Number of protein chains: 2
Amino acid sequence: MHAAHYAAAVQTESTRRSLRALILDGRYPPGARLGEVEVAEALGVSRTPVREAFRALAADGLLAAAGRGVRVVELSADELTHVYRVRAALEALTAELAAERQRAGRLAPAELTDLAELADRTHRATVERELTEAVGLNRQFHRRVAELAGNPVALHSLERLWDQIQVSTRRSLHAPDRTALVDDQHRELLAAVTAGDPAAAGAAARRHVLDTCAAARPPEKE
Amino acid sequence: MHAAHYAAAVQTESTRRSLRALILDGRYPPGARLGEVEVAEALGVSRTPVREAFRALAADGLLAAAGRGVRVVELSADELTHVYRVRAALEALTAELAAERQRAGRLAPAELTDLAELADRTHRATVERELTEAVGLNRQFHRRVAELAGNPVALHSLERLWDQIQVSTRRSLHAPDRTALVDDQHRELLAAVTAGDPAAAGAAARRHVLDTCAAARPPEKE
DNA sequence: GCTGCATGCATTGCATGCAATGGACTTCCG
DNA sequence: CGGAAGTCCATTGCATGCAATGCATGCAGC
């Protein structure tokens with residue numbers, strides 16, 4: 001920790017990013033307990049920035065205080081459903097807003113082209129069973145829609161929810177026969193936004209998210 | 001800060017709460033710059049817990065990094081509108097969920113009675129120009145609805161939004177002739193929830209929030 | 001008189017020491 | 001042999017020291 005005197009600044013932010021990436025990658029799995037010293041040594045910084053990164057990630061819903069210390073969130077099925085419900089509401093909002101902006105002529109055609117391309121690539125990656133990439137592309141697709149909505153508050157809230165979902169559904173990376181359905185729903189959303197139809201876009205987004213929620217739920221108790 | 005060895009624990013959390021209260025009360029007005037040492041001395045703790053409280057409140061959207069140090073958020077009219085849009089979406093969700101639970105018979109009658117009483121008290125305080133109390137009661141009313149929804153994720157997100165709005169609209173504490181309208185809309189929401197009508201409840205909540213947003217906007221540029 | 005720069009200062013970011021807390025392990029008693 | 005209590009240790013929470021950074025102030029030059 002003496003050799004690192006170059007990066008004299010923002011250790012704390014860099015630590016936060018690294019830690020977030022490790023958690024999203026599953027290197028620190030849900031429920032894993034994290035120690036300050038352990039992480040500090042792994043990242044080559046002192047305990048102070050680690051401590052602050054812990055707090056920041058806890059506020060983002062990726063870490064949870066666990067008595068003495070902190071652990072990676074481990075959402076129960078019910079909690080995950082709650083997250084999905086909120087996500088559905090927010091993605092419905094962003095889809096509506098994006099469609100409104102399209103109707104108002106405030107979206108550049110290139111932006112919609114990009115979105116379409118993301119849908120393509122997501123579908124392709126899924127078909128080819130490139131699951132990790134597919135997850136990333138899928139998230140990009142949804143993020144792009146939220147960006148088109150032009151509401152930073154909604155986008156930020158969604159990033160948090162996506163993070164939580166990504167962590168909690170990491171181990172069940174099934175690409176079932178929902179593949180075709182997912183693609184259809186992406187197309188439907190894309191079409192509604194392109195058509196500048198807020199109601200349709202919102203409905204499509206909400207349905208898509210809720211379907212995803214249903215698919216993510218454990219085998220059910222049937 | 002040697003005399004404070006009694007409260008040997010959770011300074012950090014206590015600091016966060018105190019600071020949040022001070023900001024919501026307007027003691028630290030929007031845009032005010034906060035120094036670690038200043039706050040540390042004011043609260044009788046060292047800089048470390050203050051630092052962590054700063055981070056936590058920044059994550060909650062109450063503080064914003066301002067180059068060297070931190071300042072109380074000061075939302076522009078546009079940003080505030082974005083916040084209100086998200087709030088409208090989330091309150092529509094919670095109203096729907098609350099109504100669903102009512103329909104499913106999962107709400108105790110006493111809970112709805114409480115809600116009605118909160119609406120009463122809010123209206124009364126507003127009429128009597130007890131603005132500070134009215135703001136608090138109004139928030140309690142909305143929070144109660146969110147609690148009835150039974151979705152902790154939505155509730156938590158809303159708490160953050162309410163905080164931001166409360167800070168940013170503090171100085172314009174006008175109780176215009178919206179008084180009657182606000183009360184009407186509260187009643188409407190309450191009635192829809194009581195009737196177990198999710199669609200009506202959601203619509204009422206959304207409209208109410210968006211109306212509040214319109215009223216909160218500066219004189220407009222007409 | 002104004003602008004640009006240099007210097008000094010206030011303030012933060014990070015590291016580390018110290019004390020307290022909580023948990024785990026061991027041991028003793030029933 | 002099982003359970004409960006005591007003790008020990010790992011780990012965190014908080015305080016503070018030190019170095020670096022950015023800002024303001026003042027001076028000099030144009």
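Bear in mind that the values here come from a model prediction, so they are computed numbers and not experimental data. The sequence lines fix the lettering, A, B, ..., with proteins before strands; numbering per chain opens at 1.
Each of dG13(C), dA15(D), dT12(D) was ranked by its minimum atom distance to the side chain of Arg47(A); first place goes to dT12(D).
For Thr48(B) and dG13(D), the shortest distance from a side-chain N or O to OP1 or OP2 is not below 4.0 Å. Distances shown here put a side-chain N or O of Arg51(B) below 4.0 Å from the OP1 or OP2 atom of dG13(C).
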Problem - Stepwise salt bridge (Lys or Arg N to Asp or Glu O under 4.0 Å) test for Arg139(A) and Asp163(A) - result: CA-CA 10 Å; Arg139(A) 180 160 173 174; Asp163(A) 276 357; 2.8 Å; yes
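Every residue meeting the salt bridge (charged side-chain N to carboxylate O under 4.0 Å, His left out) condition with Arg51(B), not counting sequence neighbours, appears here in chain and number order: Glu52(A), Glu36(B). Residues that satisfy the salt bridge (charged side-chain N to carboxylate O under 4.0 Å, His left out) test with Glu111(A), not counting sequence neighbours, are absent from this structure. Checked against salt bridge (charged side-chain N to carboxylate O under 4.0 Å, His left out), Arg143(B) has the following partners two or more places apart in sequence or in another chain: Glu159(B). Annotation: side chain to side chain donor-acceptor pair (under 3.5 Å) contacts of Arg16(B) (sequence neighbours excluded): Glu13(B), Asp60(B). Taking Ser168(B) as the reference, nothing meets the side chain to side chain donor-acceptor pair (under 3.5 Å) condition, with sequence neighbours excluded.
Distance, Phe54(B) CZ to dC14(C) C1': 17 Å, rounded to whole Å. If you measure from atom CD of Glu13(A) to atom P of dT12(C), you get 18 Å, rounded to the nearest angstrom. One atom, CZ of Arg55(A), and another, P of dC14(C), lie 17 Å apart when rounded to the nearest Å. Distance Glu52(A) CD to dT12(D) P: 16 Å, rounded to the nearest Å. Put simply, CZ on Arg16(B) is 18 Å from C1' on dC14(D), counting in whole angstrom units. Regarding Glu41(B), its CD atom lies at a distance of 11 Å from the P atom of dT12(C), rounded to whole Å.
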Are any protein N/O atoms closer than 3.5 Å to N/O atoms in nucleotides 9-11 of chain C? If there are, list each pair with its distance.
unit_1  : atom_1 : unit_2   : atom_2 : d
dT11(C) : O2     : Arg68(B) : NH1    : 2.5

